Amino acid sequence: MKKAKKQTRFLRMSWIRVWMMALALVMLLFSFASVMFLKLLDDDLFRGVASLGFRDQLTGLSHISHYGAFCLFIIEALAWVIELKRYQGNIKRLARAVVVKWRLERSLFRPSDHAGESSKKLSSYNYAIKRLSVFVSESQVILCIPLPWDGLAQKMIEDTQSVIKQKTSDLFNTFVFSSFEEKAGFLWLRGSRRN
């Protein structure tokens with residue numbers, strides 16, 4: 001079970017990396033805007049408006065945000081390199097796992113109230129669906145869905161197990177899938193390649 005959790009961690013934690021990249025882009029935009037503002041302050045028209053201390057502070061913040069964004073991009077690149085190593089350098093399988101995760105997430109996500117479902121139940125269900133993960137190797141496919149804390153949302157996921165299994169088997173038609181098993185707070189669907 002530890003190995004399967006480790007194999008699916010990269011895609012389960014994708015939401016953290018998305019926020020890291022958003023933060024890095026905001027930092028780069030701030031750095032670019034502050035450099036442009038400093039160039040504007042250096043113009044003859046605005047030379048006496050800002051004090052030297054303000055310019056120094058803005059320059060320092062610009063450098064910090066620029067290097068911070070660079071560090072976040074490096075961390076993201078290292079995460080992808082480590083995951084690619086787990087896939088033994090097979091970029092095609094890694095890309096397929098990312099695409100399958102995205103497709104399953106999009107098809108299972110429920111944006112609105114369908115049949116009088118409570119907002120807590122729906123948000124808990126969608127939270128779990130957003131954190132599903134797929135691992136693809138040469139001989140097996142592992143689908144992992146974290147079980148939500150809300151009992152009603154767990155029931156929603158249990159009710160959609162057959163749909164999830166059908167969609168997964170449609171995406172991986174050369175694999176045979178067993179039934180779902182619940183271990184360590186996750187639902188696991190394992191598939192092995194047909195002979």
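None of these values were measured; they are calculated from a predicted model.
- Atom-to-atom distance recorded for L187:CG and C144:SG is 8.5 Å, nearest 0.5 angstrom.
- In terms of modelled atom types and a separation under 3.5 Å, the side chain of K101 and the main chain of L132 share a donor-acceptor contact.
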Exercise for the section: Would you please test L143 and F135 for side chain to side chain contact (heavy atoms under 4.5 Å, CB included) and show each step? Expected result: CA-CA 7 Å; L143 175 73; F135 179 77; over 6 Å; no
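- Residues F186 and L147 fail the side-chain proximity criterion, which asks for heavy atoms closer than 4.5 Å.
- Here the closest heavy-atom approach between residue A153 and residue K121 is recorded as CB-O, 3.5 Å.
- When side chains are defined from C-beta on, I164 counts as touching F180, because their heavy atoms get closer than 4.5 Å.
- S178 places a side-chain N or O within 3.5 Å of a backbone atom of R190 that can act as its donor or acceptor partner.
- Note that the CD1 atom of I145 and the CD atom of Q154 stand 12.0 Å from one another [nearest 0.5 Å].
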For residues 21-41, tabulate all N or O donor-acceptor pairs below 3.5 Å that involve a side-chain atom, not counting sequence neighbours.
residue	atom	partner	partner atom	Å
S31	OG	S62	O	3.4
S31	OG	S62	OG	3.4
S34	OG	F30	O	3.0
S34	OG	S31	O	2.9
S34	OG	S62	OG	3.2

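- Rounded to the nearest 0.5 Å, atoms CD1 (I157) and CD (E182) are 10.5 Å apart.
- Under the rule for a salt bridge (charged side-chain N to carboxylate O under 4.0 Å, His left out), the partners of D159 that lie at least two apart in sequence or sit in another chain are K155.
- Here the side chain of T160 pairs no donor or acceptor atom with the backbone of V163 at under 3.5 angstrom.
- Looking at D170 and Q166, their side chains do bring a donor and an acceptor atom within 3.5 Å of each other.
- Atom OG of S133 sits about 10.5 Å away from atom CG of L104, to the nearest 0.5 Å.
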Donor-acceptor pairs are to be reported for all side-chain atoms of residues 66-75 against protein atoms at under 3.5 Å, with residues two or more places apart or in another chain.
none

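- For the pair V136 and F172, the minimum side-chain heavy-atom distance is below 4.5 Å.
- Put simply, CE on M156 and CZ on R110 are 3.5 Å apart, with the number rounded to the nearest 0.5 Å.
- Side chains of V134 and I142 form no contact here, defined as non-hydrogen atoms less than 4.5 Å apart.
- With hydrogens and angles disregarded, a donor-acceptor distance shorter than 3.5 Å links the side chain of W188 to the backbone of K183.
- With contacts defined as side-chain heavy-atom distances shorter than 4.5 Å, the pair E138/R193 qualifies.
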Exercise for the section: Mind running side chain to side chain contact (heavy atoms under 4.5 Å, CB included) on T168 and F175 for me, showing each step along the way? Expected result: CA-CA 9 Å; T168 307; F175 288 85; over 6 Å; no
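- Here E105 does not pair with R131 in a salt bridge; the nearest charged N to carboxylate O distance is not below 4.0 Å.
- Atom CG of N126 sits about 4.0 Å away from atom CZ of F109, to the nearest 0.5 Å.
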